[in-house]
There are 2 protein chains.
Amino acid sequence: MTTRDSRERTVRSAALLFRERGVDATGMRQIVEHAQAPRGSLQHHFPGGKEQLVVEAVEWIAGKAAEPLEASLEADPAPPPRQVVAELFDRFRKLLRMTDYRAGCSIAAAVVDAGSASDAVALATANAFRRWTGPLERALARGGMEQARASRVALLVISAVEGALIMSRARHDMEPLDAVATEIDLLLSAS
Amino acid sequence: MTTRDSRERTVRSAALLFRERGVDATGMRQIVEHAQAPRGSLQHHFPGGKEQLVVEAVEWIAGKAAEPLEASLEADPAPPPRQVVAELFDRFRKLLRMTDYRAGCSIAAAVVDAGSASDAVALATANAFRRWTGPLERALARGGMEQARASRVALLVISAVEGALIMSRARHDMEPLDAVATEIDLLLSAS
DNA sequence: CGAGCGCTATGACGAGCGTCATATTCACTC
DNA sequence: GAGTGAATATGACGCTCGTCATAGCGCTCG
């Protein structure tokens with residue numbers, strides 16, 4: 001019932017707050033408050049403490065973001081890679097616009113703030129990125145791209161998105177993300 | 001004498017610590033300790049508090065990283081853009097290797113941790129990125145690339161570097177950075 | 001010599017942090 | 001309806017944080 005809801009809401013709120021303020025600057029009290037969840041359940045649901053919450057938040061947001069990618073992999077008339085990538089950029093464009101350039105990527109935040117300090121977090125972030133590059137790589141290969149190149153291009157696309165997200169946040173404008181989207185599309189067209 | 005040294009060492013240490021642990025997780029006491037600088041001078045040298053220190057650290061590291069780019073712009077036999085970019089990747093490869101994948105980019109750390117909270121930091125990070133894209137863009141344009149495209153490609157290169165840095169840190173291996181370097185070089189070859 | 005100033009030393013302040021110990025309430029089964 | 005374990009409430013713990021107030025150096029210049 002509301003019980004499992006409250007646990008899930010906590011994980012979700014953690015991910016949302018992390019991507020705006022960073023992991024370290026986000027306190028557990030703020031998380032449960034944002035989630036409208038009881039503070040008393042923190043030690044019950046997350047006995048592993050903040051580290052566990054960070055890991056679960058990373059996994060949650062990774063799944064959330066990987067869904068559309070995996071979905072388009074299984075779609076009947078498989079959409080061309082160009083379209084899959086374009087939609088990926090669109091989602092981040094919308095995120096930046098909706099939060100007035102305040103939000104970034106929760107996973108990047110976890111890497112920057114806690115990646116060097118906790119092996120568990122480092123592992124979670126590495127897996128999270130693979131959930132993005134994996135489907136993308138398969139989509140590219142199925143689109144006719146040589147396997148080794150598909151692997152590299154998938155890494156390039158995700159790297160470019162992550163980096164452009166940071167630059168657009170810093171500049172408070174969409175130019176980096178737009179420019180990167182344009183050039184990546186060009187690259188995919190020339191396949 | 002040692003006086004100005006100590007101030008500069010503090011800024012330098014701040015930048016170095018930020019890129020490993022993030023801005024928020026790095027305390028002022030740790031910074032002066034790392035810099036072997038007197039704690040008492042903090043309020044004297046940085047009356048603006050931690051925010052000022054973050055801004056100066058961002059400016060310092062941005063200059064440090066922009067130096068080679070600007071230098072190759074003024075070199076007599078101007079090196080081809082491909083080489084300039086390759087050397088850029090090499091420097092970050094070395095950084096990752098030397099710190100066992102613990103270090104990332106101080107500027108990215110500042111954006112993630114404090115970019116949304118402080119206008120001064122946001123401005124400093126935006127300017128820092130421009131100090132990288134600017135010379136790169138001019139190098140590309142001088143290499144024969146159309147101006148609008150040179151601007152986009154410069155943004156792509158820096159974005160890709162920043163993103164690959166994050167992914168390589170998370171995975172503790174060089175594959176993302178290597179893959180991105182390869183693909184970017186391919187893109188520049190096809191110019 | 002001594003006044004002034006750049007720099008440093010030191011300790012305290014209030015706030016927030018993550019964590020824990022200890023109840024208390026709730027839901028559900030025998 | 002008693003009992004049982006999951007879920008929540010509450011407050012305190014020790015620690016670190018950024019900042020500040022206050023004082024003490026060491027140097028130069030009048």
Side-chain angles (χ1 to χ4, degrees), chain A residues 1-15 17-18 20-58 109-110 112-121 124, chain B residues 1-18 20-58 106 109-110 112-121 124:
Chain A
M1 313 269 293
T2 6
T3 277
R4 272 227 105 52
D5 278 0
S6 124
R7 188 190 197 282
E8 201 173 315
R9 276 205 318 274
T10 304
V11 173
R12 190 186 100 103
S13 288
L17 291 179
F18 289 164
E20 294 203 18
R21 322 183 202 180
V23 168
D24 233 84
T26 305
M28 317 229 101
R29 290 163 174 87
Q30 307 174 33
I31 294 173
V32 292
E33 185 188 3
H34 180 275
Q36 297 189 98
R39 179 165 93 84
S41 346
L42 268 181
Q43 62 174 304
H44 183 256
H45 287 313
F46 309 96
K50 190 176 188 179
E51 185 181 60
Q52 178 183 355
L53 189 46
V54 173
V55 167
E56 294 204 24
V58 165
V112 167
D113 273 2
S116 308
S118 155
D119 288 342
V121 171
Chain B
M1 314 266 296
T2 7
T3 276
R4 271 224 105 55
D5 277 1
S6 124
R7 189 192 196 280
E8 199 173 318
R9 278 205 317 274
T10 303
V11 173
R12 190 186 101 103
S13 288
L16 299 191
L17 292 178
F18 289 165
E20 293 202 19
R21 323 184 202 178
V23 169
D24 234 84
T26 305
M28 316 228 101
R29 289 163 175 87
Q30 307 174 34
I31 294 174
V32 291
E33 185 187 5
H34 180 276
Q36 298 189 100
R39 180 166 94 84
S41 348
L42 269 181
Q43 61 175 306
H44 183 256
H45 287 313
F46 309 96
K50 190 175 189 179
E51 185 182 59
Q52 179 183 355
L53 188 44
V54 173
V55 167
E56 294 203 24
V58 165
S106 311
V112 167
D113 272 1
S116 309
S118 154
D119 288 341
V121 171

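In this text, all values refer to a predicted model and were calculated from it rather than measured experimentally. A note on names: the letters A, B, ... follow the listed sequences, proteins ahead of strands, and every chain is numbered from 1.
In summary, of the residues considered (B/E56, B/H44, B/R12), a side-chain contact (heavy atoms from CB on, under 4.5 Å) with B/R7 occurs for B/E56 alone.
The distance from atom CG of B/L53 to atom NE2 of B/H45, rounded to the nearest 0.5 Å, is 11.5 Å. Rounding to the nearest 0.5 Å places CZ of B/R39 at 11.5 Å from CE of B/M28.
A/H44 has a side-chain polar atom (N or O) that falls below the 4.0 Å cut-off from OP1 or OP2 of D/dA7. Between B/H45 and the phosphate of C/dT8, there is a side-chain N or O to OP1/OP2 separation shorter than 4.0 Å.
Put simply, CG on A/D5 is 16 Å from C1' on D/dT8, counting in whole angstrom units. Distance, B/F46 CZ to C/dC7 C1': 13 Å, rounded to whole Å. Between A/Q36 atom CD and D/dT8 atom P the separation is 14 Å, expressed in whole Å.
For the residue pair A/A14 and A/A57, the shortest heavy atom distance occurs at CB-CB, 4.0 Å.
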Produce the list of close N/O pairs, under 3.5 Å, pairing protein atoms with atoms of nucleotides 23-25 of chain C; give distances to one decimal.
none

Listed pairs under 3.5 Å, donor-acceptor, residues 29-37 of chain B side chains, sequence neighbours left out:
from	atom 1	to	atom 2	distance (Å)
B/Q30	OE1	B/R21	NH1	2.4
B/H34	ND1	B/S13	OG	2.7

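No donor-acceptor pair under 3.5 Å is formed between the side chain of B/S106 and the backbone N or O of B/F18. Between the side chain of B/D113 and the backbone N or O of A/G22, no donor-acceptor pair lies under 3.5 Å.
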* Asked: What is the per-nucleotide protein-contact pattern of nucleotides 9-20 of chain D, from the 5' end, where B denotes a base atom under 4.0 Å from a protein heavy atom, S denotes such proximity for sugar-phosphate atoms only, and - denotes neither?
  -> BBBB----BBB-
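Looking at B/T10 and B/L42, their side chains come closer than 4.5 Å, going by heavy atoms from C-beta outward.
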